Amino acid sequence: MITHENQIDSWIEEAEQSGEVAIDTETTSLDAHQANLVGISLSTKIGKACYIPIGHKSKGCLKKEIVIKKLKPLFEDKSVKKIGQNIKFDFIVLYKHGIAMSSMEDTMLMSYVLDAGKNRHNMDMLSQIHLGHKTISFKEIVGTGKKEINFSDVEINKAMHYAAEDADITYRLYKIFSKNLKLEKLLNIYEIFEKPLIKILAFMEIEGIKIDNKSLKVLSEKFEKKIKKLEKEIFKISKKEFNIASPKQLGEVIYNELKIAGIKKTRKGSFATSANVLEDLAFKGHKFPQLILDWRQVSKLKNTYSDSLPEHINPNTKRVHTSFLLAATTTGRLASSDPNLQNIPIKSEDGKDIRKAFIAEKGNILISADYNQIEMRILADLADVKELKKAFKNDEDIHSLTASQVFNVDIKKVDQDMRRKAKAINFGIIYGISQYGLAKQINVSNHEAEEFLNAYFFKFPEIKIYMDKTIKFCRKTGYVNNIFGRRSHFTGINDKNFNIRNFQERAAINAPIQGSASEIMRLAMIRLDKKLKSLIKNELKILLQIHDELIFEVPEKEVKNMTKIIKEEMSSVTSSDLHSFSTPLTVDLNIGNNWGILH
DNA sequence: TTTTTCACG
DNA sequence: ACGTACGTGAAAAAG
């Protein structure tokens with residue numbers, strides 16, 4: 001326990017000496033964007049850590065300004081590695097307290113590179129797995145539910161044991177993972193694809209995006225009216241009121257009271273009421289299921305978006321700050337949470353209205369830039385599919401080409417329906433297709449779907465070879481590699497359960513495709529960031545990443561210059577230290593004062 | 001805490 | 001005979 005500011009000096013000295021220090025911050029909130037510092041822990045040797053209390057309500061804290069002034073030079077010293085667990089969080093908190101941390105290492109990301117798909121990467125889990133030690137959990141310290149207290153109300157000694165342990169464990173994990181990354185030859189992946197993203201994402205999150213509170217409120221009212229109207233119609237048919245949102249009650253009404261169809265159950269034995277099932281029933285001419293579908297769509301938009309998004313507006317910045325998760329997926333993709341800004345509606349008209357509420361600041365413009373058909377291009381490259389590569393080089397419409405191959409007609413004779421089916425086949429291929437899945441998707445018989453696939457694999461034999469090879473490799477090693485060398489693990493690939501095994505096989509086929517695409521986006525973000533830093537004055541801000549798309553905000557007068565730079569940097573990510581890519585990448589750009597008209 | 005549903009790429 | 005498209009996060013119900 002640091003009880004006097006002068007005690008910090010020896011810790012700083014040790015950190016400067018060794019060039020490494022594990023750090024952890026304790027704060028008033030798990031949301032980095034509104035968190036205030038409560039304490040900082042440091043570890044410079046295994047088994048040795050300290051806690052600097054700053055913002056506890058009880059006695060014994062040091063003055064925040066003095067602690068920050070002392071630690072700032074160390075945290076900003078490029079020659080000393082700052083090691084953290086999910087250090088993007090600490091970076092954001094410290095940045096808001098006037099410290100721009102440099103030379104960051106992250107044990108969460110190291111674990112992710114080593115073990116994606118094997119386990120989660122939170123510290124409690126990592127400590128248990130790699131050190132056989134059960135850590136003091138956050139919940140043990142702050143309690144849960146109604147009894148939950150703020151960290152600033154935690155008694156100082158209790159906080160010390162918890163926080164100092166975290167720094168100590170982080171340092172221990174760092175030592176283990178450093179060794180393992182070298183042994184497994186995965187250090188490159190960590191250095192090239194993970195570390196640079198920490199700061200880039202931190203600044204995207206800090207920047208946030210503006211939303212139009214008023215128009216969302218108007219939308220909510222409009223949705224509410226629609227919901228009320230649909231409810232009236234629904235209850236008129238059911239002849240009683242019930243909770244439409246309850247699958248249990250809804251199933252009871254559909255199958256036992258109205259007897260619209262023979263009882264259909266889910267895998268787990270409850271009534272089947274998913275959109276797929278309801279669409280089938282609606283197709284058979286029933287009015288009721290369609291009303292339910294409509295009700296669900298509007299309720300979803302209201303509950304999840306128009307009602308919720310305004311609650312995420314930060315009172316200080318008046319903008320919405322998502323959190324990008326770097327270690328959530330098996331494939332290398334990012335995820336977004338609190339709120340998730342990677343699943344904002346676009347498909348329905350009502351949905352698009354939600355998007356329109358994401359706006360540029362006055363005088364600014366939003367730019368969207370997305371990779372055209374990136375996963376199909378990856379597949380062409382990954383499986384070395386001659387016909388596909390040629391098509392992309394000639395800038396052909398890939399779904400029309402597929403249609404002409406599968407249905408054996410001239411590309412000029414491909415009609416809407418053929419193209420739609422071919423598109424479904426292409427998607428299916430990326431997901432590790434089954435004839436059953438395809439048949440369901442495009443509403444043809446199993447037999448027909450099988451013939452389509454046979455024709456497809458006959459025309460593109462390299463794809464079948466790729467699929468078989470990938471599964472074989474995965475069965476042997478337990479993982480697959482993407483084109484840059486990132487691993488995704490599939491622990492159930494040899495499971496004795498047929499369903500589990502099949503599921504894992506499809507995931508294993510998909511992972512290198514989805515994963516390589518996400519790597520290209522990571523490289524694009526890193527390139528762009530570097531380019532923007534090289535400009536004398538940079539006013540282009542990256543706000544969001546939605547897997548194959550980036551959203552930017554920029555002053556109006558800069559739009560022309562910046563679109564050029566964006567396109568140039570994104571489409572030239574065709575090689576890295578780890579792979580060179582022989583299929584061209586094309587980027588589509590759109591501009592507007594809101595996100596709704598960017599497509 | 002788990003299950004179901006549904007929004008996105 | 002069985003039951004499947006791949007990857008996510010959030011809301012609501014129900015245990």
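As the structure is a prediction and not an experimental result, all values here were calculated from the model. Lettering of chains follows the sequences in order, A, B, ..., and the numbering in each one begins at 1.
- For A:S270, a side-chain nitrogen or oxygen approaches OP1 or OP2 of B:dT4 to under 4.0 Å.
- A:M521 places its CE atom 20 Å from the P atom of C:dG7, with the value rounded to the nearest Å.
- A distance of about 13 Å separates the P atoms of C:dA5 and B:dT5, rounded to the whole Å.
- B:dC6 and C:dC2: their P atoms are spaced 25 Å apart (whole Å).
- The interatomic distance linking A:I354 (CD1) with B:dC6 (P) rounds to 17 Å, in whole Å.
- Between A:E375 and A:R333 there is a salt bridge, since a side-chain N of the basic residue sits under 4.0 Å from a carboxylate O of the acidic one.
- Note on A:E375: nothing from the nucleic acid sits closer than 4.0 angstrom, heavy atoms only.
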Under 4.0 Å protein heavy-atom contact, by nucleotide of nucleotides 8-15 of chain C - B base, S sugar-phosphate only: SBBSSSSS

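- B:dC6 atom P lies 16 Å from atom CG of A:D350, rounded to whole Å.
- Atoms NE2 (A:H547) and C1' (B:dA7) sit 11 Å apart, rounded to a whole Å.
- Across all strands shown, B:dC8 is found opposite C:dG7 as a Watson-Crick or G-U wobble partner, with both distances under 3.5 Å.
- Scanning for side-chain contact (heavy atoms from CB on, under 4.5 Å) contacts around A:T273 gives A:P247, A:L250, A:F271, A:R296, with sequence neighbours left out.
- Side chains of A:T330 and A:S488: no donor on one and acceptor on the other come within 3.5 Å.
- Distance, A:L544 CG to B:dC8 P: 16 Å, rounded to whole Å.
- Within the 4.5 Å cutoff, the side chain of A:S323 has heavy atoms near those of the A:E205 side chain.
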Candidate pair A:K88 and A:D106, rule salt bridge (Lys or Arg N to Asp or Glu O under 4.0 Å), full reasoning: CA-CA 8 Å; A:K88 174 160 64 64; A:D106 192 330; over 6 Å; no

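- Aromatic pair A:Y456/A:F460: centroids less than 6.0 angstrom apart.
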Per-nucleotide protein contact string for nucleotides 1-6 of chain C, where B marks a base within reach and S marks sugar-phosphate only (heavy atoms under 4.0 Å, - for neither): --BBBB

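- A salt bridge does not link A:D468 to A:K472: none of the charged side-chain nitrogens sits closer than 4.0 Å to a carboxylate oxygen.
- Residue contacts for A:S299: at a heavy-atom cut-off of 4.0 Å it reaches no nucleic acid atom on any strand shown.
- Relative ring orientation between A:F484 and A:H579 is described as perpendicular, the plane-to-plane angle rising above 60° on a 0-90° scale split at 30° and 60°.
- Residues A:R486 and A:E194 form a side-chain contact, since some pair of their non-hydrogen atoms from C-beta on lies under 4.5 Å apart.
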